[in-house]
Amino acid sequence: MEPPGGETRRQARTVEIMLAVALGTAVFVAPAAGFWRVRWALGLTGPGWDVAASAVVRGAAALGLLMTVWWLVRARDRGL
């Protein structure tokens with residue numbers, strides 16, 4: 001069996017990129033939305049909670065970006 005051609009590799013690379021972005025987005029949205037819902041459900045307001053919410057969103061964004069980069073580096077190491 002011969003190795004996959006250029007078109008197959010290009011399609012695999014596209015799928016890897018889409019999967020990496022989807023996973024990174026999920027990692028970003030889940031904690032940020034969860035914190036917002038808990039805050040809303042408990043009626044927590046005030047400047048301290050605003051700062052905490054901002055920290056959660058920034059941390060989740062950094063984690064999501066890190067997840068995306070990690071996934072893409074793994075794909076590159078596998079030859080995609």
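Hydrogens, waters and symmetry mates play no part in the numbers below; they use all other heavy atoms, side chains included. Given the structure is predicted, the values throughout are model-derived calculations rather than measurements.
- Atom CZ of R78 has more than 12 heavy atoms from other residues, nucleotides or ligands within 6.0 Å.
- With sequence neighbours left out, R58 forms a side chain to side chain contact (heavy atoms under 4.5 Å, CB included) with S54.
- Note on L42 and W49: same hydrophobic cluster, where clusters join Ile, Leu, Val, Met, Phe, Trp and Tyr whose side-chain heavy atoms are under 4.5 Å apart, directly or indirectly.
- Of all heavy-atom pairs spanning V56 and A32, the tightest one is CG1-CA, 4.2 Å.
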Donor-acceptor pairs are to be reported for all side-chain atoms of residues 64-71 against protein atoms at under 3.5 Å, with residues two or more places apart or in another chain.
{"from": "T68", "atom 1": "OG1", "to": "A20", "atom 2": "O", "distance (Å)": "3.3"}
{"from": "T68", "atom 1": "OG1", "to": "G64", "atom 2": "O", "distance (Å)": "3.0"}
{"from": "W71", "atom 1": "NE1", "to": "E16", "atom 2": "OE1", "distance (Å)": "2.8"}

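- Residues that satisfy the side chain to side chain contact (heavy atoms under 4.5 Å, CB included) test with A53, not counting sequence neighbours, are F35, R39.
- Note on L23 and V29: separate hydrophobic clusters, where clusters join Ile, Leu, Val, Met, Phe, Trp and Tyr whose side-chain heavy atoms are under 4.5 Å apart, directly or indirectly.
- Grouping the Ile, Leu, Val, Met, Phe, Trp and Tyr side chains by contacts below 4.5 angstrom, directly or via other members, places M18 apart from L72.
- For the atom pair CZ of R9 and CZ of R13, the computed distance is 6.5 Å after rounding to the nearest 0.5 Å.
- Across every non-hydrogen atom of P31 and A60, the tightest pair is CG-CB, 3.9 Å.
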